[in-house]
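Next up is a structure, given as structure tokens.
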Amino acid sequence: MHGVNLDEAQGRIATPLRWGISSMTGTQAADTTDQAVVGGVDSRADTIHVAVVSDRGGHLADAQFPTNTAGYTPGIAFLQAYGKVAAVGVEGTSSYGSGFTHAAR
């Protein structure tokens, strides 16, 4: 995984990455957009699987998107819909995950 930097001893985010917040139609609770979230991305030849967890480790949501530029933007918006994205771990940053990694910077 690349990019996740949590202060596990304190249960807080140590050095958040830069991300903006955007809105997306979905099932998120109205009060979640201010929470910090962490994303995990598993990349495959045809799909990326994006998971969102709270800064306390609770599973919030997951979804699949195409492994191409048409899938990266909605994948990033999916993460941002659940709160302020503090970090994202991407599997396969030198292969199938490289496109998502580049788009998320």
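Predicted, not measured: the structure shown is a model, and the values here were computed from it.
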Subject >> Hphob cluster co-occupancy, Tyr96 + Ile76, side-chain heavy atoms under 4.5 angstrom >> reply: no
Original post:
Hey, what do you get for OG1 (Thr101) to CD (Glu91), rounding to the nearest 0.5 Å?
Top reply: 10.0 Å
Original post:
Between Thr93 and Val90, what is the shortest heavy-atom contact and its length?
Top reply: CG2-O, 3.3 Å
Subject >> Other residues, nucleotides, ligands: >12 heavy atoms within 6.0 Å of Asp46 CG >> reply: no
Subject >> For the student: nearest non-hydrogen atoms of Leu60 and Gln35, plus distance >> reply: CD1-NE2, 3.4 Å
Subject >> Straight-line distance of Phe100 CZ to Thr73 OG1, nearest 0.5 Å >> reply: 9.5 Å
Original post:
So how far is it from Asp42 CG to Asp62 CG, rounded to the nearest 0.5 Å?
Top reply: 11.0 Å
**OP:** State, to 0.1 Å, how close Gln64 and Thr47 come at their nearest heavy-atom pair, and which atoms those are.
**Re:** NE2-OG1, 4.0 Å
**OP:** Report whether Phe78 and Tyr72 are members of the same hydrophobic cluster (ILVMFWY, side-chain heavy atoms less than 4.5 Å apart, transitive linking).
**Re:** yes
Original post:
For the residue pair Ser43 and Gly97, what are the closest heavy atoms and their distance?
Top reply: OG-N, 3.2 Å
